[in-house]
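Data block below; observations after.
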Amino acid sequence: MARKEYAFYPGCSSQKGASASNYLTSVESMCKTLDIKITEIPDWNCCGASISYAEAGELPRHVMNARNFALAEQHLPGQEIVATCAACWLGARESKERLEHNSVLMADTQEALKEAGLSIKAIPEIKHMVEVLIEDLGYEELAKPVKKPLADMKFAGYVGCQTNRPFGIHGESFENPVYLDKLIETVGGEAVPYDQKVTCCGGALAFSEPDKAQAQIKDIIESAYDNGAEMIVTPCPLCQANVEVYQGQINKKYGTKFNMPVLYYSQLMTIAYGGTAKEAGLDGNVIRARKLEEFASK
Amino acid sequence: MSDLNQQMAVRYKNNFLKEIEEQAEMGNWVKMCMQCGVCSGSCPTNFHPGWEHPPQEIFMMIRAGKRDEVLNSQSMWMCTSCYNCYVRCPRKLPITHIMHGIAEYAYRLGRAPKMQPTLHLSKAFWNNCTKNGRVNEVKLTQSLYFKDGLMAGIKMGLAMKDVALGLVKAKRLNIMEALGGGHKCKDVNGIHKMLAKARELEAKRKGRQPA
Ligand code: SF4
Ligand code: SF4
């Protein structure tokens, strides 16, 4: 038996062929090394993300999350839910909190769930993968399997919004969380000082208000360069995509020469644990992290 | 004016604060605002030209009964859900959700600005993810680009071509999803029934006709 088991909620972006599929690849490799068993919640559905608020309204949004809770309870009893996406984690936790504090909302939710043949008894705990790593295992355990410390590599730990606010990671400050820097250091990398650590990337508004979002993204990348980082690291799939894929457009608009790889913490960990570039999903980065790829092949 | 807008305007007469309190998600918090301005200073979209009115002002306008100005405003639609205001507000107002709640209410009343791009995104996202239970990223992108018609869509598509190609090459955008493939839940039927029920219950709780 694995040392820890969780009901896994990958979310839409982490499916095969989707925008964060390389996140999933690296998480699976990382969990294998750490002896963490993650079992996908059967037939899970989309959490609705923050952006659906206008069309969804309140109850339908919570009901979507509630269906996942009910499925997890039914098929993976006793297991906590772990999400890898910041928005999924936030949406699910928000729904859990509202339902547990509002009996009217809960009663309505149960009635709606009945239509899908489901019900909730007790909503399981909901964790972000980062919480599993640092709270359930701890930095010391995470350091043990390191075979190839990422020496001489400088990273900007970009935490962003939704893994940080409003819930955040226990014991961390909203203005200057340090867990990501600590994770970078745990695998032997250098975490540079980074003043745009918790700046918003624009989230879903990168689609609907691209100019405003790209102005924010520009600040985030610029600060990483200014502080001597070679790569940006993040725990959030939307941050990752937004900060990575618009660099070409930003370069055109602002005359910058950005070309900075944006990685997931799980990719760093997989490489430090001796995994291949493929196991870390490095081939899934649009701006390839050549230095890390070379390091992995050595 | 939509029927619902008329119905609500009559029901709440000159009490817009009460209307927001009862009709908008988390609207009952508005009266707790002490106008300190922390939220306005924390909002990222305020640093770049974005807000007409930051949250503090919106809350003041609600109390001043400025119904038309609030409901027609672009401001709520600029919220990126960054939760900066939310964690900093000294009165602990769930500002992010209040902004979303007011925006949603304006939309239900048919008062949201026409062609509001974030409203369009919200609709496209929800309809996309509830259709099969999971997001189809290709179709979502298409519906976003082509919202202003075919030519605009092609132009936008060309501007974004390098972004999309990069993702396709990295196996992070599966164009086969456009052809009806893509990810799906097994019990799509159950999800649809469950959501229909949820909409019905929500309308009942708010004393509105179901949409
Ligand atoms: S931070 Fe809170 S109390 Fe201060 S103006 Fe904003 S909503 Fe009002
Ligand atoms: S959550 Fe919305 S309103 Fe609050 S600071 Fe962020 S963008 Fe502004």
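In what follows, chains are A, B, ... by sequence order, proteins preceding strands, each numbered from 1. Just so it is clear, the values below take in all heavy atoms, side chains as well, and ignore hydrogens, waters and symmetry mates.
The choice from A:R288, A:E209, A:Q247 that makes the most heavy-atom pairs within less than 4.5 Å of chain B is A:E209.
No donor-acceptor pair under 3.5 Å is formed between the side chain of B:R199 and the backbone N or O of A:P60. Using a distance-only test at 3.5 Å, with no hydrogens or angles considered, no donor-acceptor pair links the side chain of A:S52 to the main chain of B:F125. At distances below 3.5 Å, not a single donor-acceptor pair connects side-chain atoms of B:S81 with backbone N or O atoms of A:S50.
Here A:N45 contributes atom CG and B:R134 contributes atom CZ; the two are 8.0 Å apart, rounded to the nearest 0.5 Å. To the nearest 0.5 angstrom, B:K197 atom NZ is 9.5 Å from A:D108 atom CG.
Residue contact with chain A, scored on non-hydrogen atoms closer than 4.5 Å, involves the backbone and the side chain of B:N84 alike. Using a 4.5 Å cut-off between heavy atoms, A:D43 touches chain B through backbone and side chain atoms alike. Only the side chain of A:L90 comes within contact range of chain B, with heavy atoms under 4.5 Å apart. For B:M76, the part sitting under 4.5 Å from any heavy atom of chain A is the backbone (N, CA, C, O) and nothing else. Contact of A:E244 with chain B is made through the side chain alone, with heavy-atom distances under 4.5 Å.
Using a 4.0 Å cut-off between a side-chain N of Lys or Arg and a carboxylate O of Asp or Glu, B:E25 and A:R98 qualify as a salt bridge.
Here the closest heavy-atom approach between residue A:E55 and residue B:R108 is recorded as O-NH2, 3.0 Å. Counting all heavy atoms, side chain and backbone alike, B:A198 lies closest to A:V63 at CB-CG2, 3.9 Å. Nearest heavy-atom pair across A:C46 and B:V135 is SG-CG2, 3.9 Å.
The cationic atom of A:R61 (NZ for Lys, CZ for Arg) does not lie both less than 6.0 Å from the six-membered ring centre of B:W126 and within 45° of the ring axis.
Residues B:L121 and A:L205 are not in side-chain contact: their nearest non-hydrogen atoms beyond the backbone lie 4.5 Å or more apart.
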Would you sort out whether A:K212 and B:M78 count as a side-chain contact (heavy atoms from CB on, under 4.5 Å), showing the intermediate values? CA-CA 9 Å; A:K212 285 172 196 135; B:M78 298 294 160; 3.6 Å; yes
Go through B:R205 and A:E58 one step at a time and tell me if the side-chain contact (heavy atoms from CB on, under 4.5 Å) criterion holds. CA-CA 11 Å; B:R205 185 159 45 87; A:E58 190 176 10; 4.1 Å; yes
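Side-chain contact of A:E115 with B:H192: a donor-acceptor pair under 3.5 Å is absent, judged by distance alone.
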